[in-house]
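Here's the structure we're looking at; comments come further down.
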Amino acid sequence: MENNENILAENIFADECVAALIENTAEMRAEAAPKQAAFEEKLALRAARDADESKMFRKFRIKDIVFLAVITACTLVTSAIMPLLIHVPVFGIIQLGLGLQFSVFPVVGLMKVRKAGSMTLMGVFIALFLVMMFPPMALIAVCAVVVELVVFAVFRSYKNDWACVMAGTLYMPLTIPLLYLYYNVNYTVTGAENEAVSMFIGGTEPWVIVLMTAAVVALTFIGSVIGMLISRELKKAGVLKK
Amino acid sequence: MSFFRVNSKLYPLVALVCSLFIIVFGLVAARNEYMCWYLVGAAVWLVLFGCVKNVLRMLPVSIAVGGVFAGIAYASAGGDTSAAVAMLNRFGALFLGAALSMSVDTVRMTRSLSQVRAPRAVTLGMLISMSFIPMLKGEIKRVREAMKTRGAGSVLNPKILYRAFLIPFVMRLVNISDTLALSVETRGFTLGGSLYSIYKKEFPAVSDVLFVIGLVAGAIAVVVI
């Protein structure tokens, strides 16, 4: 009889404990509910923003980074002639030698990853390698940032194919002023090769600068259009999925 | 891990900075008459610190390419020997710097960058770009072989280059990058601020300090003398 009463008392106590626990959990859930709702709302907003291709600023996914890195590797392999070009005493010869590959592949990259920062990321990846080949060219990362600012000022996003073409066209020619600076430092301050200096910076013949810059812009435009055509064809074939 | 030890391989970030130093110093001080001796000394120094394979690989290229451009500089400067030597020095510094940066293992470089809290996107991108280059050469070879099999013609023809080379090549790139992304994700790589651990951390050793001191001391000697 006494045992039964004890068991009953224990059961009642256990029930009370469970009820208290449930109440406690419910209270905690109620307290956390606004935070959880806010977090879920934030996640939903982020997902919606990432899904909306008209938005400029979307989060990068692993897939995007990998593709941009692969495109960078491709650009680098094809620009292996750069160490040979850097000492050729012709103004803008580096840009002329690298213009095509530095416009075709970045445009393909941009046409797949149409997000703000894609060009900068490619610029950073390339700069990390170019710094070992020819340090002044590492400033190409700065050019990438400038290109993106210009493209966003004109087109607002990479949604339009011609925005990608514009980015690809301006990317390499923007390095010309940087190289001009380098030639000045390296050949007028440290050297006495006056003839080479005039050839490099076009100091005596300004039309050399104009002509070479025009040639580089024309070349990068052609390269960008080729990149766009390749991407369009791959898109049509269903290979270039977003 | 103790700092007072001698590593057979240089600390990646030290190697990278020293590589830059050699290239920049070589370009700036190319006309110095002692520069060539500095480059010879730096090459020996690199060999002593475990870069023998890359130095030997770069040496013939450096001599051949540098020689050609030194000849051009000699001719364009009207028979000025110092202009030719300066050009040779520039190429020597460039290839020596490249030999040093090439001796850095990709994985070790990525670990070092992760240790210094470099953004995950940058370390991942760098790792993929560096590892992908040899694979890319293989892919180019395969596309060329496919062209031969199909009897597509010469790559020098722009139409053939576009249709039979560029399109299949970029298509392969897209497919490989999709597979690679999937592989990277399944191995737990994430972007953003998630926590991660570094397998086998890299630390500088006393040998790295010795290496830097040797290079800088040589450069100071060149400038002062």
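Letters A, B, ... are given to chains in the order of the sequence lines, protein chains preceding strands, and every chain is numbered from 1. The structure displayed is predicted, hence computed values, not measured ones.
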Under 4.5 Å from any heavy atom of chain B, what part of A:Phe125 do you find: side chain, backbone, both or neither?
side chain
Proximal component of A:Leu229, with respect to chain B [non-hydrogen, under 4.5 Å]:
both
Does any backbone or side-chain atom of B:Asn32 lie under 4.5 Å from a heavy atom of chain A? Answer side chain, backbone, both or neither.
neither
For B:Val65, which atoms come within 4.5 Å of any heavy atom of chain A: side chain, backbone, both, or neither?
side chain
Which pair of non-hydrogen atoms, one from B:Ile133 and one from A:Ala73, has the smallest distance, and what is that distance?
CG1-CB, 4.2 Å
When every non-hydrogen atom of B:Ser129 is compared with those of A:Thr72, the smallest separation belongs to OG-CB, 4.1 Å
Distance check, rounded to the nearest 0.5 Å: [X] atom [atom1] versus [Y] atom [atom2]?
{"X": "B:Leu180", "Y": "A:Phe67", "atom1": "CG", "atom2": "CZ", "value": "12.0 Å"}
{"X": "A:Phe105", "Y": "B:Leu173", "atom1": "CZ", "atom2": "CG", "value": "7.0 Å"}
{"X": "A:Ile71", "Y": "B:Ile128", "atom1": "CD1", "atom2": "CD1", "value": "12.5 Å"}

Could you walk me through whether A:Leu76 and B:Leu136 pass side chain to side chain contact (heavy atoms under 4.5 Å, CB included), step by step?
CA-CA 11 Å; A:Leu76 283 165; B:Leu136 207 59; over 6 Å; no
[atom1] ([X]) with more than 12 external heavy atoms under 6.0 Å:
{"X": "B:Arg111", "atom1": "CZ", "value": "yes"}
{"X": "B:Tyr34", "atom1": "OH", "value": "no"}
{"X": "A:Phe39", "atom1": "CZ", "value": "no"}

Beyond-backbone contact of A:Glu233 with B:Met171, side-chain heavy atoms, under 4.5 angstrom
no
With heavy-atom distances below 4.5 Å as the criterion, would you say the side chains of A:Val70 and B:Ile176 are in contact?
no
Return the option, out of B:Glu139, B:Arg163, B:Lys137, with the maximum number of heavy-atom pairs under 4.5 Å with chain A.
B:Arg163
Among the listed options A:Ala69, A:Ser231, A:Ala237, the residue most often paired with chain B at heavy-atom distances under 4.5 Å:
A:Ala69
So which of A:Ile65, A:Ile62, A:Val77, A:Val108 has the biggest tally of heavy-atom pairs under 4.5 Å with chain B?
A:Ile62
